[in-house]
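Here is the structure we will look at.
Heavy-atom basis, side chains included; hydrogens, waters and symmetry copies ignored.
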Amino acid sequence: MKSDLLHGKKGIIFGALNTSSIAWKVAEKAHEYGAELVLSNAPIAIRKGDIHQLAEKTRSEVIAADVTKVDEIEDLFRKSQEIFSGKADFILHSVGMSPNVRKGLHYTDLDYNYLSKTLDVSAISLHKILSVAYKMDAINEWGSVVALSYIAAQRTFSTYNDMAQAKAMLESICRSFGYHYGKKRKVRVNSVSQSPTITSAGTGVKGFNSFYNFSHCMSPLGNSSSEDCADFCIAMFSDLTRKITMQNIFHDGGYSTMGISDKLIDDCFVCQGDCHENHDEH
Ligand code: NAI
């Protein structure tokens, strides 16, 4: 065990699919820091993914729940309370999916049923989880809920598609629910806006390699890895961050504050505007 920072704490981790998943790294670290865990994912992801390996490694239980279904979330919290013999102290929402992205539809020509699904899975699911927990009083005082977001909530990334709206809504739910849960039970709710990270969901976005390398070259500290993200989530779950709530915290090596970097000027921006002139001519 690394330290006992999370000793005695109990957490529910949503979204560990395979060893690349950010949630996987968070679960491994939370276990190393002494937490007791319940792992959850959609039934199909549990059948097709590797979550049982993670459960074995972290000595955790796996409970299936489609995060769009309130009854399945209620069932998950009921079972978790039995496993924990009490309430949870932290929750990680590491869930995202867009059928529009999966089907390669252009942002200007979205399928609106798919858009509803994107928002339901990737954003409204956080509201559903918080609402069930709030009504069941399933999180201890000073508990911590973290949802993973991306800077496309604030800025336009041309191929991020309707996930941009999902992330904007996700961050907004953190602020709104953070108020109500903070007042009622001192539970804090934050989003962590993570660098592009090589995972199943990340690499499914068109142009992911450009997102990844551009932000790496732009950021003074380089991209944060999934291990870095996990470290930060551990800090957010711990009692050392008790007064942080309703925030969107950029965990991105400095990318969100940059305009342009030496690396981009000297090495990466190779066309130096030539392609732009050609583009105008055509
Ligand atoms: P991932 O593909 O490993 O995780 C996404 C998870 O969502 C999977 O485990 C999947 O089974 C789960 N999921 C999808 N639909 C579900 C449903 N109906 N019910 C329950 N679970 C469902 O990919 P990754 O990258 O670890 O994604 C985790 C979070 O991190 C997502 O919110 C993603 O948007 C966010 N993020 C990822 C970045 C990246 O570049 N990979 C950058 C910034 C944020």
Side-chain angles (χ1 to χ4, degrees), residues 1-16 21-40 58 60 63 65 67 73 76-77 80-81 83-96 123 125-150 167 170-194 224 226-251:
M1 193 192 296
K2 283 191 165 168
S3 87
D4 58 359
L5 194 60
L6 298 185
H7 181 71
K9 292 202 184 292
K10 289 137 202 244
I12 303 174
I13 307 250
F14 290 91
S21 299
I22 300 170
W24 190 287
K25 303 288 190 292
V26 177
E28 284 180 333
K29 293 233 174 185
H31 172 66
E32 286 171 22
Y33 281 94
E36 189 183 334
L37 303 174
V38 163
L39 308 174
S40 184
T58 58
S60 312
I63 301 175
V67 289
I73 298 170
L76 163 69
F77 273 103
S80 300
Q81 288 196 333
I83 291 164
F84 293 152
S85 305
K87 302 176 191 181
D89 297 289
F90 62 87
I91 290 175
L92 178 74
H93 179 283
S94 184
V95 176
S125 60
L126 177 66
H127 193 285
K128 291 177 178 173
I129 290 166
L130 287 167
S131 176
V132 168
Y134 186 90
K135 288 173 192 159
M136 290 175 71
D137 192 17
I139 305 178
N140 281 317
E141 279 203 353
W142 300 107
S144 174
V145 179
V146 170
L148 296 184
S149 192
Y150 184 58
K167 292 306 189 194
L170 184 80
E171 293 177 13
S172 178
I173 290 170
C174 288
R175 286 186 291 272
S176 299
F177 226 118
Y179 169 76
H180 294 286
Y181 223 154
K183 278 210 77 173
K184 187 183 183 196
R185 295 291 291 159
K186 298 188 172 62
V187 168
R188 49 223 180 78
V189 187
N190 295 286
S191 52
V192 170
S193 186
Q194 164 68 7
S224 65
S226 48
E227 284 85 1
D228 295 328
C229 185
D231 282 334
F232 186 54
C233 289
I234 300 304
M236 292 299 293
F237 297 152
S238 82
D239 291 334
L240 302 179
T241 54
R242 277 156 68 106
K243 285 293 173 79
I244 300 178
T245 194
M246 302 161 69
Q247 303 298 315
N248 177 54
I249 305 166
F250 289 101
H251 184 259

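No side-chain donor-acceptor contact under 3.5 Å links S21 to the backbone of A23. Looking at Q247, its side chain does come within 3.5 Å of a backbone N or O of T245 through a donor-acceptor pair. Within the 3.5 Å criterion, the main-chain N or O of T58 finds a donor-acceptor partner in the side chain of S60. Side chain of E171 to backbone of S149: no donor-acceptor contact under 3.5 angstrom is found.
Between I83 and I63, the closest side-chain pair of non-hydrogen atoms falls below 4.5 Å. Using a 4.5 Å heavy-atom cutoff, the side chains of F14 and I91 are in contact. Counting heavy atoms from C-beta on, the side chains of Y150 and Q194 never come closer than 4.5 Å. Residues L148 and H93 have side chains not in contact (no heavy-atom distance under 4.5 Å, counting atoms from C-beta outward). Contact annotation: the side chain of F237 approaches that of L6 to within less than 4.5 Å [non-hydrogen atoms, C-beta and beyond]. Side-chain contact between F77 and V38 is absent, with no heavy atoms from C-beta onward closer than 4.5 Å. S125 is not listed as a side-chain neighbour of L170, based on a closest heavy-atom distance of 4.5 Å or more.
Applying the side chain to side chain donor-acceptor pair (under 3.5 Å) test to residues at least two apart or on different chains, the pairs with a partner in residues 135-146 are K87-D137, D89-N140, S131-K135, D137-R185.
Remark: I173 CD1 to K128 NZ distance equals 10.0 Å, nearest 0.5 Å. Taking CG of N190 as the reference point, atom CZ of R188 lies at 7.0 Å (rounded to 0.5 Å). Here S40 contributes atom OG and L76 contributes atom CG; the two are 4.5 Å apart, rounded to the nearest 0.5 Å. Annotation: the span from Q81 atom CD to K10 atom NZ amounts to 11.0 Å, rounded to 0.5 Å. To the nearest 0.5 angstrom, F90 atom CZ is 11.5 Å from I139 atom CD1. Note: I73 CD1 to M136 CE = 11.0 Å, rounded to the nearest 0.5 Å.
Here the rule is side-chain contact (heavy atoms from CB on, under 4.5 Å) with V145, and of I12, L126, I129 only L126 fits it.
Between D239 and K9 a salt bridge is recorded (basic side-chain N to carboxylate O distance below 4.0 Å).
Between H251 and F232, the angle of the ring planes stays under 30°, which puts this pair in the parallel group of the 30/60° scheme. By the 30° and 60° cut-offs, the orientation of the rings of F177 relative to H180 is perpendicular.
Considering only residues two or more places apart in sequence or on other chains, F250 meets the ring-ring contact (aromatic ring centres under 6.0 Å, His included) condition with none of them.
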